[in-house]
Protein chains: 2
Amino acid sequence: MLNKPPTIKDIARQLNISVSTVSRAIRNASDVSAETKKTVMALVEELNYQPNQLALNLRSKQTHTIGVIVPNLDYVLSMMVRGIDEVALEAGYTVIICQSNESYGREILNARRLLDRGVDGFIVSVSSETNSFDHFKKIQEKNIPMVVFDRVASQLKAPSVRIDNTGGGFMATEHLIEQGYKRIAVLAGPQNLEISNSRLDGYKNALKKHKIKIDPSLIIHCDFNQDYAFFATEELLSLKKRPDAIFTISDRMALGAMLAIKKKGLQMPNDIGLIGFNDEPVLNLLTPSISSIEQPSFEVGKLAAKLFIETMHNMDNIDLSERIIKTKLIARESSLKINAKKLK
Amino acid sequence: MLNKPPTIKDIARQLNISVSTVSRAIRNASDVSAETKKTVMALVEELNYQPNQLALNLRSKQTHTIGVIVPNLDYVLSMMVRGIDEVALEAGYTVIICQSNESYGREILNARRLLDRGVDGFIVSVSSETNSFDHFKKIQEKNIPMVVFDRVASQLKAPSVRIDNTGGGFMATEHLIEQGYKRIAVLAGPQNLEISNSRLDGYKNALKKHKIKIDPSLIIHCDFNQDYAFFATEELLSLKKRPDAIFTISDRMALGAMLAIKKKGLQMPNDIGLIGFNDEPVLNLLTPSISSIEQPSFEVGKLAAKLFIETMHNMDNIDLSERIIKTKLIARESSLKINAKKLK
DNA sequence: AACGGTACCGGTAACGATACCGGTATTCTC
DNA sequence: GAGAATACCGGTATCGTTACCGGTACCGTT
């Protein structure tokens, strides 16, 4: 049973009419009588005709496909991708997900491959290695729609969706201050990532507001990585004047910090406070449970996809304003000094 | 700047030669002189000519695309997908990932959409709702390559890769027995999922081997879900003769069980033992750390992709033998009775 | 009777690329 | 020097679909 799928031509031949008429009948266009339309549709049904997408792609130069490039598929990004997928599917688009693995070269490669696969556009979150944006600018010059999300880069002029990173960093830090912590360290991410620097800015803003001097020795840049965070925390804890609280700009790093804290034999929240960022569900299962900044990742993804579709349908008037989504403080045992005694 | 990308025709026109010659020159085929080849390649370079994939797709009826259908993107499956992606990319294939969200209808829809998007084949893990496999059988009848992985269904005759579920269930259960647990309960997954039943079989085998009577009241089927597992465990713990150990066939369920155990005020491993399945990294961070069965998910994915490519290149002689990958016991505090005292 | 409008349909050229066939020259062979 | 082999190239069909143009009826209007 390997007979090829029927084409519009087969239908035309069988019905003794022209392919154009068949085409029109199927697309329910005008210029075709109700009667012929009926006979065509009957045969379409009988033969189980499906239009050949590949041919349509060639003719229309569209594939109804969105290329999504992400640095990885950690908890946050995979939630966002699910959001993108949800909206895209609804709108009749298929999503191709490529991971750059935080590599600049891989990101370029992904873009190239997606491009000559004929995607209709891009939804992108940049890798931590990426400093130059020429590969994306080239895409924009070709008038191909592109939306950036989560990891936004201000050098890249494109519609964007992200969370309020500065605000989140501020909330986390102020929360620690309000709990009475005095020497607050921060594990920041890679230097050239805006998402990282914005959260760090929030941290600085909070200290300034409460008139606490910023101590550069308490600011550590390292990878978004549990192991790096572990070692960084060990170093922090062995300082002469060790910090009494740590804000890590991702939960993965908070986990590493937690391990280092436990290894050192310190108790949270009394000996030291800890707060992460992202609010991964696991935090609530740990002992002590760990505070964090919650963000609506799924919503970010959905909004990015919606924005993409809007942009796509309105290419001669692109709305470059930033969409910024609020975050929320989730205070748990690891930083709740006052209530901590009650909880015990 | 909206000049269309150059085509083979443009090159031909500029060089005053025919398109066929250009085509041959580009593909480095015979029947073209070294000289014209050089001039063609020079112009190709200059114009930055890229062959139009859409046209090639139509002509060759191939897209170099693999459709991957998974029920969700939890820890295990996303690792597997990463493995697939790795191998596929290397081999020049792009992967389209679709989530069925454990829905039979969605699975059918995904298959349809991927099909008329012209994927070259499928790599599939079935949803928990799926009982009928006609949608996949139809694909096979069209002589389109398909490989199933992880969630395998024996009704579906296709090359497959999965872990040794029965063996894993056996190892987990025997470990509990060896630690001295007597009344071992199991939280099994959905009834119609082979992956679930196989792990349950392993449990039964271990009990039989050690001459322990199987108590149906200790076997509970519920969703792969933390909340369900929580409630199921609460019920188990309120039994008159409550179990002294629980084997959950996924880590997500183990987390739910843990919460119920803690709520009840019981101590692991002495009051009750607990072991999960999958060995998600979080287990090691919990207090107590939770035992599990480790599986090489990334390898499963890679193997699935390799198997797919093999199958694809050898469609008239498909190798239907099952690839089964071994698992490994990771014993931690939640079930290590003997060493537990030392750890304290 | 002549004309304009509408409804319907068919032919053909694209889209971008490759495969096949056939036709020149040039070289080789004896 | 005739015939065969080779090297090189161009024309055309094809993949499946839609856009565009043109043509035939048929109707109603004046």
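Letters A, B, ... are given to chains in the order of the sequence lines, protein chains preceding strands, and every chain is numbered from 1.
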Side-chain donor-acceptor contact under 3.5 Å, [X] with [Y]:
{"X": "Ser128(B)", "Y": "Glu102(B)", "value": "yes"}
{"X": "Thr65(B)", "Y": "Arg117(B)", "value": "no"}
{"X": "Ser321(B)", "Y": "Asp319(B)", "value": "yes"}

Heavy-atom donor-acceptor pair, Arg59(A) side-chain to dA14(C) base, under 3.5 Å:
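Indeed, a donor on one side and an acceptor on the other fall under 3.5 Å apart.
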Short side-chain N/O contact to dC8(C) OP1/OP2 from Lys37(A), under 4.0 Å
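So the side-chain polar atoms of Lys37(A) never come under 4.0 Å of the phosphate oxygens OP1 or OP2 of dC8(C).
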Could you tell me whether a side-chain N or O of Lys157(B) sits under 3.5 Å from a main-chain N or O of Ser154(B), the two making a donor and an acceptor?
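Checking the backbone N and O of Ser154(B) against the side chain of Lys157(B), a donor-acceptor pair under 3.5 Å is found.
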Okay, side chain of Arg27(B), backbone of Ser23(B): is any donor-acceptor separation there less than 3.5 Å?
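It does hold such a pair.
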Residue whose nearest DNA chain D nucleotide is more 5′ - Pro6(A) or Val19(B)
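Here Val19(B) is the residue nearer the 5' end.
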More than 12 non-hydrogen atoms from neighbouring residues, nucleotides or ligands closer than 6.0 Å to CD on Glu90(B), yes or no?
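Incorrect, the count does not exceed 12.
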Find the distance Ile26(B):CD1 to dA17(C):C1' and express it as a whole number of Å.
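Value for this atom pair: 10 Å.
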Salt bridge present between Arg162(B) and Glu322(B) (N-O < 4.0 angstrom):
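Between Glu322(B) and Arg162(B) there is a salt bridge, with a charged N closer than 4.0 Å to a carboxylate O.
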What bend angle does the helix from dA1(C)-dT30(D) to dC30(C)-dG1(D) show across its length, from five-pair end axes and to the nearest 10 degrees?
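Its terminal axes enclose an angle near 60°.
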Earliest and latest nucleotide of DNA chain D, 5' to 3', sitting under 4.0 Å from a non-hydrogen atom of chain B?
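Listed 5' to 3', the contact boundaries are dC8(D) to dG16(D).
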Does Asn52(A) reach a base, just sugar-phosphate, or nothing at all? Heavy atoms under 4.0 Å.
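It contacts sugar-phosphate atoms only.
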Let's go through Asp10(B) and Arg13(B) carefully: what are the C-alpha distance in whole Å and the side-chain angles of both, what is the deciding distance for salt bridge (charged side-chain N to carboxylate O under 4.0 Å, His left out) to 0.1 Å, and is it a yes or a no?
CA-CA 5 Å; Asp10(B) 299 323; Arg13(B) 193 166 29 234; 2.7 Å; yes
